[in-house]
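Every chain is numbered from 1, with letters handed out A, B, ... down the list of sequences. For the numbers below, each heavy atom of this structure counts, side chains included, while hydrogens, waters and symmetry mates do not.
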Amino acid sequence: MPTTNLADAAIRWYDENARDLPWREPGTSAWAILVSEVMLQQTPVSRVLPAYHAWLSRWPVPAALAADTPAEAIRMWGRLGYPRRALRLRECAVAVVERHGGQVPADLDELLALPGVGAYTARAVAAFAYGQRQPVVDTNVRRFVARASRGAADAGPSTTAADLVDTEALLPAEPARAARASAAFMELGALVCTARSPSCTQCPVVEVCAWRANGHPPAEGPSRRPQQYAGTDRQVRGLLLAVLREAHGPVPAQRLDLVWADDVQRARALRSLLDDGLVMPFGERSYALPAQ
DNA sequence: TAACCGTGGAA
DNA sequence: TTTCCAAGGTT
């Protein structure tokens with residue numbers, strides 16, 4: 001049966017080739033795995049590594065983070081990007097303390113109900129921290145499944161329900177082995193079945209790969225256009241927050257005015273940071289990271 | 001559903 | 001230099 005071969009081959013490859021990442025060490029807590037998963041949302045492993053160690057050194061359990069301020073979470077987040085994740089991760093810690101006695105829940109629906117935890121992260125924690133049989137579908141797995149199983153060049157627009165069904169069909173029956181298969185699919189997507197130049201000659205499933213069987217057809221349809229950054233509100237938000245992150249206390253509005261010349265856009269960006277709860281007004285004309 | 005939300009490194 | 005993209009989530 002091809003699907004069984006695919007998972008088995010992936011696991012055998014993973015046993016020999018998996019990167020030695022700290023959140024994969026035996027005995028890693030569910031909290032540490034959750035922290036790693038949130039940090040890894042759209043941020044490369046190499047940049048997550050130091051932040052992961054610093055974060056868990058300071059907040060080794062959810063209750064520790066829940067007791068600290070949002071400002072400190074934002075500061076510790078540093079330049080990982082998408083700083084709303086820092087805010088949500090702290091809110092998540094608060095929820096874990098309030099709803100689950102300080103223990104990261106193992107139940108999928110309880111995980112999904114946590115702030116900043118979506119379809120991918122919830123199943124990643126269920127599988128990697130608790131050994132459950134869950135389809136863990138990230139961008140690597142979507143690409144790997146699209147190629148190896150469906151024979152397409154890429155995964156196309158996200159279709160969460162179908163992605164879950166397609167991936168689940170590839171998982172071995174035994175839960176712990178299914179979790180290992182999920183890790184193997186992710187690692188294959190990250191190291192071998194890459195977006196730009198897949199290394200098919202090094203791929204352990206090349207003989208059962210539908211994309212290869214089809215003769216490596218190119219991607220169909222319009223490629224999603226890359227996200228803009230330069231000149232967008234996101235860039236201005238980043239500049240504003242960087243000033244506040246590096247400041248020790250409240251920052252006068254005059255200092256924020258220096259980061260971007262366009263008054264309208266700068267005001268709009270600041271407004272959105274305030275709306276997000278990443279920044280708070282302080283006094284008459286100053287701003288600070290949220291103290292609570 | 002599609003747009004929005006940071007940042008940095010590699011090709 | 002520009003472009004692409006990296007373990008997504010939320011609205």
*Does a nitrogen or oxygen in the side chain of A:Thr121 sit under 4.0 Å from OP1 or OP2 of C:dG9?*
yes

*Test item: side-chain donor near acceptor, A:Arg85 and A:Thr43, under 3.5 Å*: yes

*Spacing between A:Arg237 atom CZ and B:dG6 atom P, to the nearest angstrom*: 4 Å

*asked:* Check this one for me: any side-chain N or O of A:Arg47 less than 4.0 Å away from OP1 or OP2 of B:dT7?
replied: no

*Do A:Thr139 and C:dG8 share a donor-acceptor pair, side chain to base, under 3.5 Å?*
no

_Can you confirm whether or not the ring centre of A:Trp59 sits under 6.0 Å from the ring centre of A:Trp31?_
no

*asked:* How close do A:Gly277 and A:Pro290 get, counting heavy atoms only, and between which atoms?
replied: O-CG, 3.3 Å

*Rounded distance (Å) that lies between atom C1' of C:dA7 and atom OH of A:Tyr52*: 13 Å

_From A:Val192, A:Thr167, A:Leu6, residue fulfilling side chain to side chain contact (heavy atoms under 4.5 Å, CB included) relative to A:Phe144_ = A:Leu6

*asked:* What contact category does A:Trp23 fall into here, base, sugar-phosphate, or nothing, at under 4.0 angstrom with non-hydrogen atoms?
replied: base

*Would you mind telling me which of C:dG9, C:dA6, B:dT7 lies closest to the side-chain atoms of A:Gln41?*
C:dG9

_No-H, no-angle donor-acceptor pair, A:Arg234 side chain to B:dC4 base, under 3.5 Å_ = no

*A:Arg24 has a side chain; which of B:dT7, C:dA7, C:dA6 sits nearest to it?*
C:dA7

*Calculate the interatomic distance between A:Gln228 atom CD and B:dG6 atom P; express it in whole Å.*
16 Å

*Can you figure out which of B:dT7, C:dG8, C:dA7 approaches the side chain of A:Met186 most closely?*
C:dA7

*Quote, to the nearest angstrom, the P distance that separates B:dG6 from C:dT11.*
14 Å

*Of the nucleotides B:dC4, C:dA7, B:dG9, which one has an atom closest to the side chain of A:Leu21?*
C:dA7

*Rounded to the nearest angstrom, tell me the gap between atom CG in A:Leu40 and atom C1' in C:dA6.*
10 Å

*Over how many whole Å does the gap from A:Leu34 atom CG to C:dG9 atom P extend?*
11 Å

*Picking from B:dT7, C:dA7, C:dC5, which would you name as closest to the side chain of A:Arg19?*
C:dA7

*Of all the heavy-atom pairs spanning A:Arg237 and A:Ser272, show the shortest one and how long it is.*
NH1-OG, 2.8 Å

_Of A:Arg196 and A:Pro115, the one whose closest DNA chain C nucleotide lies more 5'_ = A:Arg196

*Which part of the nucleic acid, if any, lies within contact of A:Gly81, taking any heavy atom under 4.0 Å across all strands shown: a base, the sugar-phosphate backbone alone, or nothing?*
base

*For A:Pro83, which contact category applies under a 4.0 Å heavy-atom criterion: base, sugar-phosphate, or nothing?*
sugar-phosphate

*Along DNA chain B (nearest heavy atom to each residue), the more 5'-positioned of A:Ser46 and A:Asp233*: A:Asp233

*If you check every side-chain atom of A:Ala195, which of B:dT7, B:dG6, C:dA6 has the closest atom?*
C:dA6

*asked:* Say we look at B:dA2 and C:dA7: how far apart would their C1' atoms be, to the nearest angstrom?
replied: 22 Å

*Under 3.5 Å, is there a donor-acceptor pair between the A:Arg47 and A:Tyr52 side chains?*
no

*After noting the C-alpha distance and the side-chain angles of A:Val45 and A:Leu21, does the key distance pass the side chain to side chain contact (heavy atoms under 4.5 Å, CB included) rule?*
CA-CA 9 Å; A:Val45 167; A:Leu21 299 174; 3.8 Å; yes

_Strictly below 4.0 Å: does A:Tyr229 bring a side-chain N or O up to OP1 or OP2 of B:dT7?_
yes

*Report the residue (A:Leu114 or A:Asp138) whose heavy-atom-nearest nucleotide on DNA chain C is the more 5′ of the two.*
A:Asp138

*Relative to the 5' end of DNA chain B, which residue comes earlier, A:Arg79 or A:Ser272, by the nucleotide with the nearest heavy atom?*
A:Ser272

*Quickly work out the A:Gln235 CD to B:dT7 P distance and round it to whole Å.*
9 Å

*Could you give the CG-to-P distance, from A:Leu80 to B:dC5, as a whole number of Å?*
19 Å

_What is the separation between atom CG on A:Leu112 and atom C1' on C:dT10, rounded to the nearest whole Å?_
14 Å

*Please determine if a side-chain N or O atom of A:Arg143 lies less than 4.0 Å away from the OP1 or OP2 oxygen of C:dA6.*
yes

*Distance check: side-chain N/O of A:Arg245 vs OP1/OP2 of B:dG6, anything under 4.0 Å?*
no

